[in-house]
2 protein chains.
Amino acid sequence: MASAEILSVGTELLLGQIIDTDAPTMARILAECGINCQRRTTIGDNFQRLQSAIEEALTRSDIVITIGGLGPTGDDLTRDAIAAALGDSLLESEEARQQLIQFFQSRGIEMVESNLRQAQRPESAQFVPNPNGTAPGLICEKHGKVVIALPGPPGEFNPMASGPVRDYLSTLYEKGSDRAGQSIIHSRTLRLIGIGESSAEARIKHLMDSQNPTLAPYAKVGEVHIRLSAKAESIEEANRIIQPVEQEVRKLLGPAVYGVDEETLAYAVVQLLLKRGQTVATSESITGGKIGEALTSVPGSSGAYVGGFVVYNPSAKRDLLGIEQDLIDQYGPVSKSVAMAMAANCRIKLNTDFAIAATGNAGPTADVDGKPVGLVYIGIADQSGVRVFEHQFRGIREDIRARVVQSALAAMRELLL
Amino acid sequence: MASAEILSVGTELLLGQIIDTDAPTMARILAECGINCQRRTTIGDNFQRLQSAIEEALTRSDIVITIGGLGPTGDDLTRDAIAAALGDSLLESEEARQQLIQFFQSRGIEMVESNLRQAQRPESAQFVPNPNGTAPGLICEKHGKVVIALPGPPGEFNPMASGPVRDYLSTLYEKGSDRAGQSIIHSRTLRLIGIGESSAEARIKHLMDSQNPTLAPYAKVGEVHIRLSAKAESIEEANRIIQPVEQEVRKLLGPAVYGVDEETLAYAVVQLLLKRGQTVATSESITGGKIGEALTSVPGSSGAYVGGFVVYNPSAKRDLLGIEQDLIDQYGPVSKSVAMAMAANCRIKLNTDFAIAATGNAGPTADVDGKPVGLVYIGIADQSGVRVFEHQFRGIREDIRARVVQSALAAMRELLL
């Protein structure tokens, strides 16, 4: 089994000023390509340390993948460090130079001289095109080893890693005999709502000792994930190993399982609505548009989600939704009555089957009318009336708002089931 | 300045099945204690590789901090690997043993034999109490080096790292003469909009060689950050070092600098509106509520942001904003004309000083009326009329939507300046 190491480059990453999500993605892709990731390292923007780290990794592993440090500025040193570690000189590619010039022209942005560094590659490198930015990736093959360089911004990294680089890695060892007996790790994640991590684990306890697939529960914001990971010779075989265990887990957990892998709760709600040919609208105060944003993050959601209101200020609740000022004055904007009116009036104004409303206090200070931080009312309207759910959430402003979105979508899903 | 490395331990981390948030936290704590974090490494649950990684790190750095692998199960190997790397044997502590037994008794959980491994420590180690779990931390001092072991679960890691371990690290070099001349690193980030990374760097080029503070530019989604990092004996002194350079950068970059540190573009817009006593509303199609969400993520935004409309489906543009069906049919929902009407009608309906509108195609497929993925129209209405901005963004659905929010807020800010 071929071995690999991942090298994340950047002082910001090293000092913890940003969280590295690229390296975990790359590690998952390696596992799916049957390549054994044995170490990940983070190094700052320091030429000497970067070169040493690449050299060390090459003594241990067949493949070294760097992420970051391909930008146009003086502290972007990955290209130079790879060239130094491989004993290559840097060449400027006329084709890459023209592409860069075009990239800037098409966007009407001025190109400065330093941008041309991105048209350089180590002698043994091929470029990997970057349709989402100016830094092409690099694949260098030398002395039986492979060094791959990917850009750090996730919008550029993700398409390149899961596209051309994944394709390259998955075919790399087909040529030789190394491929024989090689195994991959493939995972499938079941997403759960309305059940805690330990309760979920207790219900599937007898499956937790399984060796292939292995099962692991993870607590997430407002939900729980159970990952099933199989070792096999192909993704198809892994899926065959996972399938009966997944069925057993689903039988034990019932409707708590709302989706798999990258399917969000908003995705589950949109699919249920599309299947039933029904529509929903939103009426948001505390979340300021976050529920609408979650629903519209699902491609094809326009068939199920019509639109809605952001009624952040009490005046907007009155002006847009026609909620009586008296009602707001009597109960306060954070109240069961206002949540009910928000949901009912929204549904009528947009002529939808359902409407979701959310009002509450996200903090940091108590409400004008004394409602505590974290108090939330969620209303779900359908033709028969409005259901209201009261919650008291904890955490900082953004945590509370994220919990409101999850709870509102969970309530909507429950009604649809 | 003392140097440190962080070693994250766990196959799940290594394979990217969970995201490492502990190591970035630890890196920030080190910087605040004046310790230079020069490398972070992630290793799986493999005794040999773990021992080697600890030994290597000790050759390079004064302090090695491991996170994870202190649990009770067979794949928790950090204690043993540290002992092996330091040439220590493992001792069982009677006190720790009693504490473990009590921990389980007080929770009514059965203790299995393997739990007693957590009462073991390398000879040169002291325990760090863990009030939130069964794995105590370890601090080993030997041959002038320090190895610290922390548990991985964030609920146990965070209190231990920011409590006793931080206290230990911050006083570590006070005892001896090493403390003399010890320095901390303190950073301040300037946030820029409307200028590219390389253009920004070109304008402040003569400052880029500065050694204290150092300057580093970073490209973010739709914006650029410039971090100024000073080495000093205190945060106050660091701020005094940063201040004149910050002023110089601000002079060179002018209004491109919209905020510092954690201040978002939405924060800048809200502050400008509050200062002028003016209000804004939103009318969102492509972003589905994301602009409203950004504005309401700012505490105190209710004084400036009134609310708005999510008009995702064309029918909502008609029903909620009173946009003529003829106009939508003639130009399509993704058009300059519809963006203008969305902004103008929204402003009138909510009686605000400004309104922000966004319509476009976020993909993944071309629009019904053939508008390409990434084509976006942003409208900003004020009393004098509506300005419309056309953009062609690239990337996946979520990237495009994030760019729209940034561009809309940037246009709003520009109008306010």
Side-chain angles (χ1 to χ4, degrees), chain A residues 11-12 14-16 19 21 23-25 27-28 31 37-43 49 71-75 109-110 112 114-115 131-132 153 155 185 187 218 227 282 284 287-293 295-297 299 302 305-313 315-316 319-320 350 364 397-398, chain B residues 12 14-19 21 23-28 31 37-44 49 196-199 201-202 208 216-219 221 282 284 287-293 295-297 299 302 305-313 315-316 319-320 350 364 394-395 397-399:
Chain A
T11 302
E12 266 197 323
L14 179 63
L15 298 185
I19 303 282
T21 56
T25 301
R28 290 194 297 274
C37 175
Q38 50 184 15
R39 188 187 281 231
R40 281 170 28 202
T41 305
T42 307
I43 287 283
R49 290 190 194 147
T73 65
D75 61 359
I109 312 169
E110 178 202 6
V112 295
S114 65
N115 281 109
N132 304 298
I185 296 171
S187 297
Y218 300 97
R227 174 168 294 117
T282 51
E284 307 185 52
T287 40
K290 207 174 167 70
I291 301 174
E293 197 243 313
L295 290 167
T296 58
S297 72
S302 59
Y305 177 65
V306 175
F309 301 89
V310 181
V311 287
Y312 199 58
N313 196 295
S315 70
D319 298 346
L320 298 191
L350 274 161
R397 190 173 172 87
E398 281 317 293
Chain B
E12 269 175 347
L14 179 64
L15 298 185
Q17 290 163 344
I18 48 177
I19 303 280
T21 55
T25 301
M26 195 65 237
R28 289 193 298 272
C37 175
Q38 49 183 14
R39 189 187 280 232
R40 281 168 30 200
T41 306
T42 307
I43 288 282
R49 290 191 194 145
E197 186 186 6
S198 36
S199 307
E201 188 178 313
M208 295 298 292
Y218 300 98
V221 176
T282 52
E284 306 186 53
T287 40
K290 208 174 165 73
I291 301 173
E293 197 242 312
L295 290 166
T296 58
S297 71
S302 60
Y305 177 63
V306 174
F309 302 89
V310 181
V311 287
Y312 200 58
N313 195 295
S315 70
D319 298 347
L320 297 190
L350 274 160
R394 298 188 189 204
R397 190 174 173 85
E398 281 316 294
D399 291 340

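Chain letters run A, B, ... following the sequence lines, proteins first, then strands; residues in each count from 1.
- Considering CG of Asn313(A) and OG1 of Thr296(B), their distance stands at 12.5 Å, rounded to 0.5 Å.
- Rounding to the nearest 0.5 Å places CD1 of Ile185(A) at 5.5 Å from CG of Leu15(B).
- Within the 4.5 angstrom heavy-atom criterion, atoms from both the backbone and the side chain of Arg28(A) approach chain B.
- Between Pro217(B) and Asp75(A), the closest side-chain pair of non-hydrogen atoms falls below 4.5 Å.
- Heavy-atom pairs under 4.5 Å with chain B peak, among Arg49(A), Glu293(A), Lys290(A), Arg227(A), at Glu293(A).
- Highest contact tally toward chain A, considering only Pro24(B), Gly288(B), Gly307(B), is held by Gly288(B) [criterion: heavy-atom pairs under 4.5 Å].
- Only the side chain of Ser315(B) comes within contact range of chain A, with at least one heavy atom under 4.5 Å from a heavy atom of that chain.
- Once rounded to the nearest 0.5 Å, the distance linking CZ of Arg39(A) with CD1 of Ile43(B) reads 4.0 Å.
- For Pro299(A), the parts lying under 4.5 angstrom from a heavy atom of chain B are both the backbone and the side chain.
- Contacts between Val306(A) and chain B at a heavy-atom distance below 4.5 Å involve backbone atoms as well as side-chain atoms.
- Between the CG atom in Leu350(A) and the CG atom in Leu320(B) there is a gap of 4.5 Å [rounded to 0.5 Å].
- With a 4.5 Å cut-off on non-hydrogen atoms, Phe309(B) touches chain A through its backbone and its side chain both.
- When side chains are defined from C-beta on, Pro131(A) does not count as touching Arg394(B), because their heavy atoms never get closer than 4.5 Å.
- Heavy-atom pairs under 4.5 Å with chain B peak, among Ile291(A), Leu295(A), Asn115(A), at Asn115(A).
- Gln38(A) touches chain B through backbone and side chain together, each having a heavy atom under 4.5 Å away.
- The two residues Glu197(B) and Pro72(A) have their closest heavy-atom pair at OE1-CD, 3.7 Å.
- Of the listed residues (Val311(A), Asn132(A), Leu14(A)), the greatest number of heavy-atom pairs within a distance under 4.5 Å of chain B belongs to Leu14(A).
- Both the backbone and the side chain of Gln17(B) come within contact range of chain A, each with at least one heavy atom under 4.5 Å from a heavy atom of that chain.
- Here Ser198(B) is the residue among Gly395(B), Ser198(B), Ser199(B) with the most heavy-atom pairs under 4.5 Å with chain A.
- The part of Glu398(A) that comes within reach of chain B is its side chain, from C-beta onward, which places non-hydrogen atoms under 4.5 angstrom from that chain.
- Put simply, of Ala31(B), Ser297(B), Gly292(B), Pro364(B), the one with the most heavy-atom pairs under 4.5 Å next to chain A is Ser297(B).
- Using a 4.5 Å cut-off on side-chain heavy atoms (C-beta onward), Tyr312(A) and Thr282(B) make no contact.
- Ser114(A) places none of its side-chain heavy atoms less than 4.5 Å from the side chain of Glu201(B).
- The contact between Ser187(A) and chain B is made entirely by side chain atoms (from C-beta outward), counting heavy-atom distances below 4.5 Å.
- Contacts between Ala202(B) and chain A at a heavy-atom distance below 4.5 Å involve the side chain alone, from C-beta outward.
- Looking at Val310(B) and Tyr305(A), their side chains come closer than 4.5 Å, going by heavy atoms from C-beta outward.
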